[in-house]
Enquirer: 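First the structure, which I've put down as structure tokens, then a few questions once you've had a look.
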Amino acid sequence: MRPRDLDRASAIDKALTEYSIDSRNLPGISRPEERHALVEQIIESLRRVEFARRLGESDISPRRGDPADAMFDPLRAAILRMRQGETDEAYWLVYLFIYFGRHPVGGWSYVRRIYGALGARPWWTWAEVAVNPAQFCEWMLDHQADIRDGARSGFGNHRKYESLRKVGDGVESYVRWVAPPRAHDELFAAARERHNGDPRAAFGYLYKSLLRVDRFGRVATFDYLCMVGKLGFSQIEPDTPHLGGATGPLRGARLLVGADMSPSQLDQILLDLGAKLGVGMQVIEDSLCNWQKSPNRFRPFRG
DNA sequence: CAATCTCGTGAGTAAAGAAA
DNA sequence: TTTCTTTACTCACGAGATTG
């Protein structure tokens, strides 16, 4: 662990111990091995979350926004667009970033080829897709072979069961969700207003509706909304870890708190725990998922 | 010695079934 | 009706087994 994290680690360790004495027993970390492994996972998760926040404030080369350039990066492209006031394009790029993820070998090649329309013009910008999603759908079906490039392309780890065949349907469904000519920021602003500007309530409301979008299950929905919040596109933040329908994080939560609890009970307990630790629900969700894979020994998440 | 097939694994989404 | 659990399905990948 890095020296600068040591203080934070000992504070979290202490808070965990206090919580398990004062508030609720945490059988999964009664031994120091387990507790230390969890603390390290929490530190790692904090680092990942803070990386996205910092990225939103850092200098970014314009080449990151150009799908014709090998340096293209959908997340950085989203930030650039937002800075230029192109909010719909920014949200669309976050969606694409989540939908495809980064392949360990192929990197962003899927997003790059699709967003950049395989070098043709115009690119598949939000303006193009929103007006005619059916045309995008057709283009996707026609160009699957050109987009694919063996081992040098593919979906990211979290999206490994997706396929190019389904992308058209997914995108069509997402376009219906945004419902142009309504803009993304109108949708998010309405969600916030509906809940008096409460970032958590707005998140919960958006989560429920986005979950109905095709090919956007629990993980994609949660990650997309978290990213929108972290980049500051909209003032929202996860209200709970949303363990309903989860696999890894739910297993982790049951290991930590107790096997006989339902996802919604665990959501509430973890909300309380997160407040005591001073960490957000994405950190809780992410760290429990990684911890659960190896509860008694810290293993960094790679992928 | 390949090339191909066949599981098993891992971590998602969707839908059906069960419970509250 | 909503929530939770279970089951099925998807896709890439690697290890072994099978085939040519």
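Sequence lines set the chain letters: A, B, ... in the order given, protein chains first and strands last, and positions in each chain run from 1. Predicted, not measured: the structure shown is a model, and the values here were computed from it.
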Enquirer: Write down the distance between CG (A/Leu243) and P (B/dG12), rounded to a whole number of angstrom.
Expert: 13 Å
Enquirer: Mark yes or no: A/Arg159 above the aromatic ring of A/Phe100, with NZ or CZ under 6.0 Å from the six-membered ring centre and no more than 45 degrees from the axis.
Expert: no
Enquirer: Do the non-hydrogen side-chain atoms of A/Arg251 and A/Thr247 ever get within less than 4.5 Å of each other?
Expert: no
Enquirer: Is a side-chain donor or acceptor of A/Trp291 paired with a backbone partner of A/Glu34 at a separation under 3.5 angstrom?
Expert: yes
Enquirer: Is there a side-chain contact between A/Arg251 and the phosphate of B/dG10, meaning an N or O under 4.0 Å from OP1 or OP2?
Expert: no
Enquirer: Just checking A/Arg148: base, sugar-phosphate only, or nothing, at a heavy-atom cut-off of under 4.0 Å?
Expert: nothing
Enquirer: Can you tell me how far P of C/dT10 sits from CD of A/Gln144, to the nearest Å?
Expert: 15 Å
Enquirer: Do A/Tyr174 and A/His184 make the cut of ring centroids closer than 6.0 angstrom?
Expert: yes
Enquirer: Enumerate the residues from residues 260-272 of chain A whose closest heavy atom to DNA chain C is under 4.0 Å, giving them by residue number; use none for an empty result.
Expert: A/Ser262, A/Pro263, A/Ser264
Enquirer: So if I take residues 202-231 of chain A and measure heavy-atom distances to DNA chain C, which residues fall below 4.0 Å?
Expert: none
Enquirer: Before you tell me yes or no, could you show the steps for A/Asp66 and A/Arg63 under salt bridge (Lys or Arg N to Asp or Glu O under 4.0 Å), namely the whole-Å CA-CA distance, both residues' side-chain angles and the distance that decides it to 0.1 Å?
Expert: CA-CA 5 Å; A/Asp66 178 4; A/Arg63 293 178 62 188; over 6 Å; no
Enquirer: Are A/Leu118 and A/Trp124 packed together at the side-chain level, in the sense that at least one heavy-atom pair is separated by less than 4.5 angstrom?
Expert: no
Enquirer: How close or far is atom C1' of B/dG12 from atom OH of A/Tyr99, stated in whole angstroms?
Expert: 12 Å
Enquirer: Can you check the A/Ile98 CD1 to B/dT13 P distance for me, whole Å?
Expert: 11 Å
Enquirer: Taking CZ from A/Phe155 and C1' from C/dC11, how many angstroms apart are they, rounded to a whole number?
Expert: 10 Å
Enquirer: First locate atom CD1 of A/Ile42, then atom CG of A/Asp5, and finally report the distance between them rounded to the nearest 0.5 Å.
Expert: 12.5 Å
Enquirer: Just checking A/Tyr95 against A/Phe216, ring centres under 6.0 Å apart?
Expert: yes
Enquirer: Does the ring center of A/Phe97 lie less than 6.0 Å from the ring center of A/Trp108?
Expert: yes
Enquirer: Closer than 3.5 angstrom, by distance alone: can the side chain of A/Gln292 be matched with the main-chain N or O of A/Pro249 as a donor-acceptor pair?
Expert: no
Enquirer: Heavy-atom count around A/Lys14 NZ within 6.0 Å, excluding the residue itself: above 12?
Expert: no
Enquirer: Ignoring backbone atoms, establish whether A/His242 has a side-chain N or O less than 4.0 Å from OP1 or OP2 of C/dT3.
Expert: no
Enquirer: Can you tell me if the side-chain N/O atoms of A/Ser163 get under 4.0 Å from OP1 or OP2 in C/dC11?
Expert: yes
Enquirer: Starting from C1' on B/dT13, measure out to CG on A/Leu250 and report it in whole angstrom.
Expert: 16 Å
Enquirer: To the nearest Å, how far apart are A/Arg159 CZ and B/dG12 C1'?
Expert: 8 Å
Enquirer: For A/Ala127, does its backbone N or O pair with a side-chain atom of A/Asp88 as donor and acceptor, under 3.5 Å?
Expert: no
Enquirer: Counting side-chain heavy atoms from CB outward, which of B/dG12, B/dT13, C/dT5 is closest to A/Glu162?
Expert: B/dT13
Enquirer: Listed in order of residue number, which residues of residues 165-178 of chain A have a non-hydrogen atom at under 4.0 Å from DNA chain C?
Expert: A/Arg165, A/Lys166
